[in-house]
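Letters go in sequence order (proteins before strands), and every chain restarts at 1.
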Amino acid sequence: MPAPPCASCHASRAALRRPRSGQALCGACFCAAFEAEVLHTVLAGRLLPPGAVVAVGASGGKDSTVLAHVLRALTPRLGISLQLVAVDEGIGGYRDAALAAVRRQAARWELPLTVVAYEDLFGGWTMDAVARSTAGSGRSRSCCTFCGVLRRRALEEGARRVGATHIVTGHNADDMAETVLMNFLRGDAGRLARGGGLGSPGEGGALPRCRPLQFASQKEVVLYAHFRRLDYFSEECVYAPEAFRGHARDLLKRLEAARPSAVLDLVHSAERLALAPAARTPRPGACSRCGALASRALCQACALLDGLNRGRPRLAIGKGRRGLDEEAMPGTPGDPARAPTSKAVPTF
Amino acid sequence: MPSAGTVSRPSTSTSSEPCWARTGSSFQARRSSWRGLGGLRPAPWSGRSLSRCTNQKLCPECVCAAHLTSFRLLNRRRNAGLSQDSAKRLRFVPGVIFVDEGAAFGKSLEERSKTLAEVKPILQATGLPWHVVALEEVFSLPPSVLRCSAQEPAGSEGAYKAAVDSFLQQQHVLGAGGGPGPTQGKEQPPQPRLDPQSLASPPAAAQPEALSQLFCSVRTLTAKEELLQTLRTHLILHMARAHGYSKVMTGDSCTRLAIKLMTNLALGRGAFLAWDTGFSDERHGDVVVVRPMRDHTLKEVAFYNRLFSVPSVFTPAVDTKAPEKASIHRLMEAFILRLQTQFPSTVSTVYRTSEKLVKAPRDGPAAGDSSPCCLLCMCALDVDAADSATAFGAQTSRLSQMQSPTPLTETRTPPGPCCSPGVGRVQGCGQGACRREDPQACIEEQLCYSCRMNMKDLVSACPPAPGQAWGRGKAVPSRGCWQILWPLDTGLCCSPHWTPCRRTSWPRPSSAHRGTEAPTAVACGAGASGLVPTAAFSLGPGSCRRSGTV
């Protein structure tokens, strides 16, 4: 059966059917529509004011590649300048190849690229070291917990170094939908209350962040990259299979198959969730150690690093957080091999 | 037989603890539901129970008693609980409603009457007032169900009830046999007066066909389930209002609610989760839907049914034997139950999170009476301006649609079978589409996000030929919620009879209103005869879990 004609130009054969509307479009029309929608999101949400210096979090993957490409195409229209910021998490065999892809992209688009490494920022900790440190600490290694928190910090740091006023990340609708599913399954009311918007406005000294691709489904992002022949890196992180997110991702794929609009429906739900005031976190303060935005005395990044340095990597995760206050020893030089002090030493 | 002492009870709610052993519950379970239950397979049941109360206060025992198949429990409650000397007397008189949904998925009248024959003895055994109603009667709902109370200012339920009463009387005079009269005399076994009428009366002959045609015109199982849910709710609410019940109880267990919560999340009903899964749901104004079983897990319910040999009847449902990926409902159910076996805290975590949800909209003012409500689900509209930077805006913005030379309604519903599925293709419907275009957009405007999505799955079917029993003309004013939904299919909205009504407020139960009922309740509680039913109804457990096995 031949493909139907493109619903927009009527000239060429359609190459895809859009999940949100069921429209059959050809590649060129789809790319134009995709860019127009990102532009609309940015304009209608007032995400990036003219004159902004925008740091694009570039991982080398499809989302950030597409985001950088679309924003670069829209730069004259938006009146912004772009900076690529990549984070080197120090994951052997995975990150190097991804960073190579980022470098190729930066060279192709002639955009300035800054790479910040965990190793430099966090006192020698790389993700491989974190994974080794957490390996014996329980059922899962919680790598994504560490990596996510630290990457956020690293991206912020990198954006400051290049003098950016805004940070954009490539999160797409599928990411948002997975997040809301996952937060429900984990019972994370605080995150549910905060999530849903297009980003954070940048309170308490943090740079404003936004996600211009929030309404583009993953499928469309991949297709856009395909039609524009973008060069991106598509390996899965070596630590990813352990993450709980896998369950949510799996479910989302099935939901999308049952009803193509399910992804955006979930995003809509996330936007509209109303939580009791008690579930909303109190106004965030500043981290007592690094001054970053934090809802507790220590920001999550500092708390995680603190736990790592004390040899109890799970200290700041979940219920382990309780131990954080009682045994906090600020200023103690980090020693990853150090045994926990609370453990009784057996005598023979 | 395992002893009750071996049953572990994960959810701890001290208030309901004493009644756990007696918690009755029936629910319909699909085979997959039983996978996590250690091989126990209590007999599934698919009725919906209605309980009417003479007191607004719901003590845990009563609440449990109201649940669907705790007929045995109902009996016991009635014998022991209703007597005046009992300390734990039942403070209200529950009634039971059974909605026969067979027509929705094309069951023949014989099959349906066979099911009813199985259901009736169970209903009768409860000794409580019961009602059997067929789903297709939703076609003959009086428009007042949706209209009058919408336009009335709050607090004037009296006028509304009078309107319904007069409608019912008119029905009796005409001999149309719309709904059963309230069963009088609670202590006598209620007469099975309804079912012969409802199934044999003249309109019923065409209605099942219309209903199954309607369900056939829905393309996805997801939308079918939502449609069924909507119709069932409207029908039960009407029955509750017509019989003077002020509460409707449903048998949703904690597990079912967790599944429903995640399902509704995926359907875009994020704004209404607290309404859809909370303990009480006041969105309908004068009739409150309560979910008294929400503290008990499916497993507990199963154990109860098993230990007390609760009778049950199997009836297939829309999704019976459907593959797992056929609908969002099935997918989510399978997912949650599977995850629950890996992470036993899944259901309780989701359930606890749902308790933190509130009914007020996220950022806007508190759920004001001024905000317009969805015509189908009656929740405050949750849509944004078409071009806003939201998920809704992204789907409706001109940008998304600008590529398309065809109007909005056409792009949303790709030209598909226009007349009855598979018969007439596009031809003959061009005119209908143009005619329908305007009203459809007009109706869509009055639906919430999720209902709009469901509407997209509704294939336009040709209007029935005029002159059919339920076609245009005389039947129009009495079509109830079809005034709203049906025009999408039939183009009836173009008829002068139909005017879109924008519901702005629902009467909220005022304390004065309650005050007038309470004395009745007390009087009724004392003597068994002459009870005026004032309270509730209930939908089947889990709104109808069905077993996929035969």
Side-chain angles (χ1 to χ4, degrees), chain A residues 6-10 18 20-23 25 29 32-33 36-37 39-47 173 177 180-181 183-189 192-193 196 198 214-216 247 250-252 254-255 257-259 261-262 264-279, chain B residues 220-222 261-262 264-274 324-328 330-332 335 339 343 346 349-350 352-363 382 384 387-395 397 399-406 411-412 414 449-450 453 456-457:
Chain A
C6 170
S8 176
C9 62
H10 299 286
R18 300 202 65 185
R20 62 173 64 170
S21 58
Q23 259 182 324
L25 293 179
C29 292
E37 281 165 12
L39 177 66
H40 172 255
T41 306
V42 172
L43 291 179
R46 295 195 185 84
L47 300 181
V180 64
L181 284 174
N183 285 339
F184 252 103
L185 293 174
R186 292 193 310 198
D188 197 335
L192 284 173
L198 273 167
Q214 181 162 327
F215 306 123
H247 291 288
D250 183 47
L251 172 65
L252 188 71
R254 290 153 177 266
L255 290 177
R259 172 179 270 197
S261 69
L264 275 181
D265 294 351
L266 275 163
V267 174
H268 175 82
S269 284
E271 283 168 359
R272 290 289 175 160
L273 280 180
L275 281 113
Chain B
T220 62
L221 189 58
T222 308
L261 183 99
M262 297 299 287
N264 284 357
L265 194 70
L267 290 173
R269 296 185 59 82
F272 318 127
L273 290 180
E324 183 187 311
K325 57 190 174 189
S327 77
I328 288 186
R330 292 289 327 259
L331 268 175
M332 205 55 103
F335 174 78
L339 204 61
F343 304 93
T346 302
T349 306
V350 173
R352 264 187 291 114
T353 314
S354 79
E355 291 188 324
K356 292 175 188 154
L357 297 165
V358 293
K359 289 172 183 166
R362 181 172 187 148
D363 295 319
D382 62 340
D384 311 276
D387 272 350
S388 57
T390 59
F392 174 74
Q395 292 182 71
S397 72
L399 286 164
S400 298
Q401 310 290 345
M402 73 178 181
Q403 316 276 330
S404 148
T406 44
T411 64
R412 290 185 156 193
Y449 179 92
S450 158
M453 290 294 156
K456 284 188 200 174
D457 287 343

Next on the checklist: Shorter than 4.5 Å, heavy atoms on both sides: which option in B:Phe272, B:Phe335, B:Tyr449 has the most such pairs with chain A?
Outcome noted: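 If we count pairs closer than 4.5 Å to chain A, B:Tyr449 comes out on top.
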Checklist entry - If you count heavy-atom pairs under 4.5 Å between each of B:Leu339, B:Thr220, B:Asn264, B:Leu273 and chain A, which one has the most? => result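 Going by pairs under 4.5 Å, I would pick B:Leu339.
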With only heavy atoms counted, which part of [X] is less than 4.5 Å from chain A, the side chain, the backbone, both or neither?
{"X": "B:Ala266", "result": "both"}
{"X": "B:Met262", "result": "side chain"}
{"X": "B:Leu261", "result": "side chain"}
{"X": "B:Arg269", "result": "backbone"}

Is there side-chain contact between [X] and [Y], with heavy atoms separated by less than 4.5 Å?
{"X": "B:Leu267", "Y": "A:Arg259", "answer": "yes"}
{"X": "A:Leu273", "Y": "B:Lys356", "answer": "no"}
{"X": "A:His268", "Y": "B:Asp382", "answer": "yes"}
{"X": "A:Leu185", "Y": "B:Val350", "answer": "yes"}

Checklist outcome for this item: Assert top hit (heavy-atom pairs under 4.5 Å, partner chain B, pool A:Leu264, A:Leu252, A:Leu251) equals A:Leu251
Checklist entry - Where does the angle between the aromatic ring planes of B:Phe343 and A:His247 fall among parallel (under 30°), tilted (30 to 60°) and perpendicular (over 60°)? => result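 Ring orientation, 0 to 90° scale: perpendicular.
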Checklist entry - What part of A:Ala262 gets closer than 4.5 Å to chain B, counting heavy atoms only: side chain, backbone, both or neither? => result both
Next on the checklist: Can you list everything that forms a side-chain hydrogen bond (donor to acceptor under 3.5 Å, both in side chains) with B:Thr353? Sequence neighbours excluded, please.
Outcome noted: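 Testing B:Thr353 for side-chain hydrogen bond (donor to acceptor under 3.5 Å, both in side chains), a comparison that skips the adjacent residues, returns none.
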Item to check | Worked verdict on B:Leu357 versus A:Leu192 for side chain to side chain contact (heavy atoms under 4.5 Å, CB included) | outcome: CA-CA 10 Å; B:Leu357 297 165; A:Leu192 284 173; 5.9 Å; no
Item to check | Results of side-chain contact (heavy atoms from CB on, under 4.5 Å) for A:Asp188 - residues two or more places apart only | outcome: A:Asn183, A:Arg186, A:Arg191
Next on the checklist: Ignoring hydrogens, what is the shortest heavy-atom contact between A:Ala258 and B:Ser327? Give both atom names and the distance.
Outcome noted: CB-C, 4.4 Å
